[in-house]
Amino acid sequence: MEELNLDWGNLPFGYMKTDYNVRCYYKNGEWGELEISSSEEVSIHMASTALHYGQEAFEGMKAFKGKDGKIRLFRWQENAKRLQESADGILMEKLPIDLFENAIKKVIKLNEKFVPPYGSGASLYIRPFLFGIGAQVGVRPATEYMFVVFVSPVGPYFKTGFKPVNMLLARGFDRAAPQGTGHIKVGGNYASSLKAMKIAHDKGFASVLFLDSKEKKYIDECGPANFFGIKNNTYITPKSSSILPSITNKSLEKLAEMLGLKVERRAVPIDELETFDEVGACGTAAVITPIGKIIDNDTDKEYSYTKDDKPGKISTKLYELLVSIQTGDTEDPFGWVEILD
Ligand code: PLP
Ligand code: COI
């Protein structure tokens, strides 16, 4: 295999052109063949529901290279199921699990040389997405859909990597409504988070800590990642109908138990922020990103978690365990990792 001369250790979390992507269309009531493409563009009708009414959902997952040079996928089945739930939530045609599997495996194989080497800290980000196409003006679900998967080698989502970042607790913005679409991964949720995220970035914060939009009393999530807090040997993470059920978070719950912690998934009131020893954001892109400080944008109240700008002990253990399972350094007791042949 041709070796790429990339600065693997310093990749940003961003788009990089690779050789191929894969695509598939749903038309006349059935899914067509998976197509391989080297074009970075898609051509769709200008009256597509994806463009006007936000009929779009996506997924994000990572492939890792182990010490043995083999490529490992982490819990892709969960992403396949979540894409089906997202499709269901905005009335798109559900993508069959085997089509999802074939598509991601094919696109990884085709772009094998872009999978970052073991030890670089980078990984191959896989972005499957599904959207409504075909001419339509009425507010109705599309009858035709397109599914595409592209990949991109990436470094850490937050530039600092595994170092504490600061979050802005944004009371003046809602990401998603309690009975809305926050629990599925649809594009509209991200559009509605952009303004709050820009304000946070402009003020020097890594991201926004969203509150529940009904009562503004509880922690929801951290931009594109779930929130967790640690105290009294317990891993605590919000239960909310408007957050995305994070696969990373579910994995961390299991790993926390493995490390002897108790796990609580429940509403987390803002006042409880004062009581945590460690807090963090977690997700595929964010992995675990420790939070150093949270500042309330209304009251300027500051919650601080680090004195020496170092991640907390338990967050560090969880991070190391997760990454070592993903890369194959530690045996995977849960059957989460699949080695590609
Ligand atoms: N919350 C939001 C809003 C996200 O976009 C993501 C990213 O996918 C997550 C949480 C983390 O989910 P996961 O761990 O499944 O990537
Ligand atoms: C992920 O963690 O995979 C995400 O989808 C975050 C993304 C919106 C950047």
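Because the structure is a prediction, the values reported are computed rather than measured.
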Task: V149 side chain near N21 side chain, heavy-atom distance below 4.5 Å - done: no
Open item on the list: A quick test of your reading: do over 12 heavy atoms of other residues, nucleotides or ligands sit less than 6.0 Å from CZ of F13?
Closed with: yes
Open item on the list: Quick one about T49 and Q136 (side-chain donor to acceptor, distance below 3.5 Å, no hydrogens or angles considered), yes or no?
Closed with: no
Task: salt bridge (charged side-chain N to carboxylate O under 4.0 Å, His left out) pairs, two or more places apart, involving residues 227-240 - done: K231-E272
Task: ring-ring contact (aromatic ring centres under 6.0 Å, His included) contacts in which one or both residues fall within residues 166-222, not counting sequence neighbours - done: F58-Y190
- [ ] Answer yes or no: are there more than 12 heavy-atom neighbours, outside D341 itself, under 6.0 Å from its atom CG?
- [x] no
Open item on the list: Nearest 0.5 angstrom please: I294 CD1 to M167 CE, how far?
Closed with: 8.0 Å
Open item on the list: Donor-acceptor check, side chain of E56 to backbone of G132, threshold 3.5 angstrom: yes or no?
Closed with: no
Task: With sequence neighbours excluded, residues passing side chain to side chain contact (heavy atoms under 4.5 Å, CB included) with K216 - done: D174, L211
Open item on the list: Is any side-chain heavy atom of K310 closer than 4.5 Å to one of P290?
Closed with: no
Task: Residues that K65 engages under side chain to side chain contact (heavy atoms under 4.5 Å, CB included), provided they are two or more places apart - done: M1, I71, V115
TODO: Enter the distance from I44:CD1 to E41:CD here, rounded to the nearest 0.5 Å.
DONE: 12.0 Å
TODO: Could you verify whether a donor N or O on one side chain and an acceptor N or O on the other, from R175 and S192, lie under 3.5 Å apart?
DONE: no
Task: No-hydrogen, no-angle side-chain donor-acceptor test under 3.5 Å, W76 and E101 - done: no
Open item on the list: Does R75 form a side-chain contact (heavy atoms from CB on, under 4.5 Å) with Q326? I'd like the steps, not just the answer.
Closed with: CA-CA 10 Å; R75 305 193 77 176; Q326 289 174 328; over 6 Å; no
- [ ] Return yes if some donor-acceptor pair links the side-chain N/O of N189 with the main-chain N/O of T181 below 3.5 Å, else return no.
- [x] yes
TODO: Could you pull out all residues at least two apart from F100 that satisfy ring-ring contact (aromatic ring centres under 6.0 Å, His included)?
DONE: none
Open item on the list: Would V287 and F162 count as a side-chain contact (heavy atoms from CB on, under 4.5 Å) here? Give the steps.
Closed with: CA-CA 9 Å; V287 195; F162 188 61; over 6 Å; no
Open item on the list: For the backbone of T234 and the side chain of N232, can you confirm whether one donor and one acceptor N or O come within less than 3.5 Å of each other?
Closed with: no
Task: Verdict with supporting geometry, D212 and K217, side-chain contact (heavy atoms from CB on, under 4.5 Å) - done: CA-CA 7 Å; D212 81 284; K217 272 196 196 152; 4.2 Å; yes
Task: L169 side chain reached by D298 side chain, heavy atoms, under 4.5 Å - done: no
Task: Close side-chain approach of N297 to R171, heavy-atom, < 4.5 Å - done: yes
Open item on the list: Would a single hydrophobic cluster contain both V154 and M16, if residues Ile, Leu, Val, Met, Phe, Trp and Tyr are joined by side-chain heavy-atom contacts under 4.5 Å?
Closed with: no
- [ ] Please indicate whether E215 has more than 12 foreign heavy atoms, meaning atoms of other residues, nucleotides or ligands, lying under 6.0 Å from its CD.
- [x] yes
TODO: Please check if the side chain of S246 supplies one atom and the backbone of T248 the other of a donor-acceptor pair under 3.5 Å.
DONE: yes
Open item on the list: With heavy-atom distances below 4.5 Å as the criterion, would you say the side chains of L209 and L168 are in contact?
Closed with: no
Task: Flag, side chain of K62 to backbone of T284, donor-acceptor distance under 3.5 Å - done: yes
Open item on the list: Would you say Q55 and Y145 are linked by a side-chain donor-acceptor pair, where the criterion is simply a distance under 3.5 Å?
Closed with: yes
Open item on the list: Keeping S152 on the side-chain end and G14 on the backbone end, is there a donor-acceptor pair under 3.5 Å?
Closed with: yes
Task: CA sep, side-chain torsions, deciding dist, call: C222, I291, side-chain contact (heavy atoms from CB on, under 4.5 Å) - done: CA-CA 10 Å; C222 300; I291 298 175; 4.1 Å; yes
TODO: Tell me whether F64 is reachable from L255 by hopping between hydrophobic residues (I, L, V, M, F, W, Y) whose side-chain heavy atoms are closer than 4.5 Å.
DONE: yes
TODO: Taking the side chain as every heavy atom from C-beta outward, state whether E93 and T143 have any pair of such atoms under 4.5 Å apart.
DONE: no
Name the atoms and distances for all side-chain donor-acceptor pairs under 3.5 Å in residues 119-127, with sequence neighbours left out.
residue, atom, partner, partner atom, Å
S120, OG, P117, O, 2.7
S120, OG, A122, N, 3.2
Y125, OH, R127, NH2, 2.9
R127, NE, E59, O, 3.0

Open item on the list: According to salt bridge (charged side-chain N to carboxylate O under 4.0 Å, His left out), does anything in residues 6-28 pair up with another residue at least two apart or in another chain? List the pairs.
Closed with: D19-K113
TODO: Can you measure from CD1 (I90) to CD (E85) and round to the nearest 0.5 angstrom?
DONE: 13.0 Å
TODO: For Y26, check ring-ring contact (aromatic ring centres under 6.0 Å, His included) against everything at least two apart and list the hits.
DONE: W31
Open item on the list: Quiz question: by atom type and distance under 3.5 Å, do the side chains of D329 and Y118 form a donor-acceptor pair?
Closed with: yes
Open item on the list: So does P311 get a backbone contact from the side chain of S315, meaning a donor-acceptor N/O pair under 3.5 Å?
Closed with: no
Open item on the list: Other residues, nucleotides and ligands only: do more than 12 of their heavy atoms fall within 6.0 Å of CG on D68?
Closed with: yes
- [ ] Return yes if some donor-acceptor pair links the side-chain N/O of S37 with the main-chain N/O of V22 below 3.5 Å, else return no.
- [x] no
- [ ] Can you run down the side-chain hydrogen bond (donor to acceptor under 3.5 Å, both in side chains) pairs that involve residues 316-325, sequence neighbours left out, and say none if there aren't any?
- [x] S324-T330
TODO: Spell out, as yes or no, whether a donor-acceptor pair under 3.5 Å connects the side chain of T306 to the backbone of D308.
DONE: no
- [ ] Give, for atom CD1 of I339 and atom CG of D332, the distance between the pair rounded to the nearest 0.5 Å.
- [x] 9.5 Å
Open item on the list: For a 4.5 angstrom cut-off between non-hydrogen side-chain atoms, does L340 reach R72?
Closed with: no
Task: Those residues that, when tested against S240, pass side chain to side chain contact (heavy atoms under 4.5 Å, CB included) (two or more places apart) - done: D220, S242, I243
- [ ] Measure centre to centre between the rings of Y303 and Y305, then say whether the value is under 6.0 Å.
- [x] no
Open item on the list: Can you confirm whether M197 sits close enough to S207 that some side-chain heavy atom of one is under 4.5 Å from a side-chain heavy atom of the other?
Closed with: yes
TODO: List in chain and number order the residues that pass side chain to side chain contact (heavy atoms under 4.5 Å, CB included) with Y235, two or more places apart in sequence or in another chain; answer none if no residue qualifies.
DONE: F228, I230, T237, N249, L252, E253, A256, L261, V263, C282, L318
Task: Any donor-acceptor N/O pair, N111 side chain to V107 backbone, under 3.5 Å - done: yes
Open item on the list: Assess the residue pair K105 and E338 against the criterion (salt bridge (charged side-chain N to carboxylate O under 4.0 Å, His left out)); give the C-alpha distance rounded to whole Å, side-chain angles, the decisive distance to 0.1 Å, and a yes or no.
Closed with: CA-CA 11 Å; K105 290 184 176 171; E338 181 176 339; 2.5 Å; yes
Task: Counterpart residues, ring-ring contact (aromatic ring centres under 6.0 Å, His included), relative to F147 (two or more places apart) - done: none
TODO: Inspect the surroundings of CD in E40 and state if more than 12 heavy atoms from other residues, nucleotides or ligands are less than 6.0 Å away.
DONE: yes
- [ ] Might you confirm whether atom NZ of K163 has over 12 heavy atoms from other residues, nucleotides or ligands at distances under 6.0 Å?
- [x] no
